[in-house]
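The structure appears right after this line, and notes come after that.
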Amino acid sequence: MRLQLICVSYLMVLLVFEIAADDESYRALKFGGTVGDYVRFKPDMQAFTDGFSICSWIRKLRSGTGPHWFSYASKIHDNEISLTDDGGVNWLFQADRVNARSAAGVSIGEWYHFCLCWSVSSRAGVVYHNGRQTGSFSTPTGRRLALNGYLVLGQEQDNYGGGFDSSQSFGGELFKLNIFSKKLAGTEVSEMYSAGRCSDVEKEHDDTRQLKWEQILLQPRTGNVRTVREMCTVERKLHLVEVRLAEKQKELESTQSDLLNKLNRTSINLEKKSSELDVVKSNLEATTGQLTKMNTRLTEAETQLNRTGTRLDQMETQLNQTERELEEAGNRLNETLTDLELKEVELQEIKAGISGSDCFKVANSSHWDVLYTAPFFDKVLTAEMLEILNRSWEKLEYFKGIQVTETFIDFFKTYFP
């Protein structure tokens with residue numbers, strides 16, 4: 001509530017300062033009744049070539065139908081725009097005009113609001129008095145406002161920038177004359193009239209208000225033309241301030257309500273986001289725990305993999321050793337096979353020699369007579385001797401079917417002593 005009061009007070013101060021700053025714009029131009037009382041200047045009319053609206057508060061103070069309050073003349077046409085204070089002459093482009101005198105109902109000494117609105121696209125000029133349409137006329141296709149012309153207030157030009165006639169002197173008062181760079185709608189014109197002379201409603205159209213009353217007041221004046229303070233009293237201004245302040249207060253209340261609604265929605269959204277954040281945080285913690293477990297398992301697996309790699313290296317070393325041993329064993333086997341082949345050849349030769357000799361006979365001998373030989377006779381019988389005997393008898397197994405001859409016996413003596 002305190003903030004609201006501060007904002008309202010601030011707006012009131014701004015409005016009061018705005019009125020003080022615009023005080024000069026609340027002055028009217030009062031024209032004398034002679035031929036030499038006028039305002040003449042050459043404004044830039046480029047913004048109005050395709051459309052315009054001339055609006056002003058006017059106070060007629062001279063009788064008759066001749067007084068002209070507005071005249072715009074180009075080098076070609078001295079009546080490019082010509083307007084009288086009784087509504088009888090509303091002349092555009094030298095030839096197109098309408099007489100709205102009876103409809104306007106202008107009275108001497110009374111203020112009235114006037115607008116002439118036109119656009120090249122509509123090809124139509126419309127005249128308004130006190131917010132009501134009082135006349136209209138058509139203009140040629142493609143006809144635009146001429147440039148580089150003189151604008152004269154308080155007189156009518158019969159030639160470019162001059163040719164004044166005392167019977168056409170204005171002699172009245174003008175207030176808040178503005179020219180807009182578009183054709184105003186009837187509702188906009190009516191709004192200007194209804195707001196009254198002391199309103200600032202014309203400022204709501206500042207984007208198109210290209211020639212302003214504040215600028216016109218600064219133009220050079222000729223003869224008896226002076227500014228007079230208009231009857232926009234301080235009470236009236238304060239009343240306008242109160243009205244505008246009430247409007248601003250409503251806007252402020254509406255803005256405050258919108259802000260509260262937005263704040264409530266933001267608070268609700270914040271709570272939702274907070275809940276969502278808690279869920280995300282919980283999920284993040286769970287995910288972090290899972291990642292920690294996975295990291296531990298990964299470390300264990302890496303350790304096991306290292307161990308397995310070490311074992312594989314050891315097994316590879318053993319395998320290489322085994323391969324070398326197998327290779328050596330293969331080499332020995334090959335050597336043994338070669339020896340056996342040689343022995344087999346020798347054995348075949350022995351078999352052949354034995355089979356061709358005479359039988360050696362020893363009377364009354366037996367297999368025990370072997371004990372009379374040098375390795376056994378007169379020796380202590382040992383296990384080693386028995387082993388020698390066993391191997392000797394086992395060797396005889398290979399010679400089954402061979403005839404025992406002297407050569408056979410000599411062979412055994414030689415190779416198996």
Side-chain angles (χ1 to χ4, degrees), residues 13-44 52-62 67-72 83-85 106-116 128-131 150-155 169-180 184 189 191-206 208-244:
V13 171
L14 287 180
L15 290 172
V16 170
F17 273 103
E18 181 181 346
I19 288 175
D22 290 345
D23 189 63
E24 288 300 318
S25 67
Y26 283 90
R27 291 179 175 271
L29 278 180
K30 183 176 180 60
F31 293 80
T34 71
V35 70
D37 304 326
Y38 57 86
V39 175
R40 179 177 60 189
F41 60 105
K42 293 181 71 173
D44 182 3
F52 61 79
S53 294
I54 302 170
C55 296
S56 180
W57 288 91
I58 304 169
R59 187 182 184 195
K60 180 177 175 62
L61 296 177
R62 292 184 64 200
H68 283 66
W69 68 273
F70 189 103
S71 173
Y72 177 70
L83 305 172
T84 58
D85 62 0
V106 175
S107 299
I108 295 178
E110 293 185 3
W111 284 100
Y112 70 89
H113 187 258
F114 170 88
C115 278
L116 169 62
Y128 297 88
H129 285 84
N130 290 337
Y150 273 108
L151 175 57
V152 175
L153 303 178
Q155 264 291 350
S169 298
F170 173 43
E173 295 180 11
L174 295 179
F175 184 53
K176 288 193 174 182
L177 166 60
N178 294 285
I179 303 181
F180 305 86
L184 294 174
V189 174
E191 180 184 2
M192 286 185 184
Y193 165 71
S194 298
R197 297 198 314 275
C198 295
S199 74
D200 294 326
V201 66
E202 69 278 358
K203 294 182 179 180
E204 296 178 4
H205 303 275
D206 267 358
T208 59
R209 193 167 66 113
Q210 299 298 320
L211 184 55
K212 303 176 182 179
W213 178 240
E214 299 92 313
Q215 297 168 322
I216 293 174
L217 288 174
L218 299 177
Q219 302 305 315
R221 306 164 197 163
T222 301
N224 183 20
V225 181
R226 68 185 188 279
T227 59
V228 293
R229 183 171 296 278
E230 184 41 40
M231 296 304 294
C232 294
T233 61
V234 175
E235 291 81 4
R236 172 62 178 168
K237 293 177 182 179
L238 289 176
H239 172 70
L240 293 175
V241 168
E242 291 174 357
V243 171
R244 293 179 64 182

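- Y26 and D200 share a donor-acceptor pair across their side chains, judged by distance under 3.5 Å alone.
- The two residues P220 and V39 come nearest to each other via the heavy atoms O-CG1, 3.5 Å.
- Remark: of the listed residues F170, F114, F175, Y38, F114 is the sole one forming a ring pair (Phe, Tyr, Trp, His ring centres under 6.0 Å) with W69.
- To the nearest 0.5 Å, atom CG of residue L29 and atom CD1 of residue I216 are 8.0 Å apart.
- Across all non-hydrogen atoms, the minimal contact from P67 to R62 is CG-CB, 4.4 Å.
- Here the side chains of L174 and F70 are not in contact, with every heavy-atom distance at 4.5 Å or above.
- Between C55 and F180 there is a side-chain heavy-atom pair separated by less than 4.5 Å.
- Residues E204 and V201 are in side-chain contact: their nearest non-hydrogen atoms beyond the backbone lie under 4.5 Å apart.
- R40 and Y150 get closest at one heavy-atom pair: CG-CD2, 3.7 Å.
- At least one side-chain heavy atom of Q155 sits under 4.5 Å from a side-chain heavy atom of S169.
- Considering every non-hydrogen atom in both L211 and P43, the closest pair reads CD2-CB, 4.3 Å.
- Separation of atoms NE2 (H113) and CG (N130) is listed at 8.5 Å; rounding is to 0.5 Å.
- A salt bridge does not link D37 to R226: none of the charged side-chain nitrogens sits closer than 4.0 Å to a carboxylate oxygen.
- Taking every heavy atom of both residues into account, H205 and L184 meet most closely at ND1-CD2, 4.4 Å.
- Distance check: H68 NE2 to L153 CG gives 13.0 Å after rounding to the nearest 0.5 Å.
- In this structure, the side chain of E110 does not engage the main chain of V106 through any donor-acceptor pair within 3.5 Å.
- A distance of 11.0 Å separates CD1 of I179 from SG of C115, quoted to the nearest 0.5 Å.
- Rounded to the nearest 0.5 angstrom, K176 NZ and E214 CD are separated by 8.5 Å.
- Within the model, atoms CH2 of W111 and NZ of K60 stand 13.5 Å from one another, a figure rounded to the nearest 0.5 Å.
- Under the 4.0 Å criterion applied to side-chain N and carboxylate O atoms, D206 and R209 are assigned as salt-bridge partners.
- Heavy atoms of other residues, nucleotides or ligands lying less than 6.0 angstrom from OH of Y112 number more than 12.
- With a 4.5 Å cut-off on side-chain heavy atoms, I54 and L177 count as touching.
- The two residues K30 and L61 come nearest to each other via the heavy atoms NZ-CD1, 3.3 Å.
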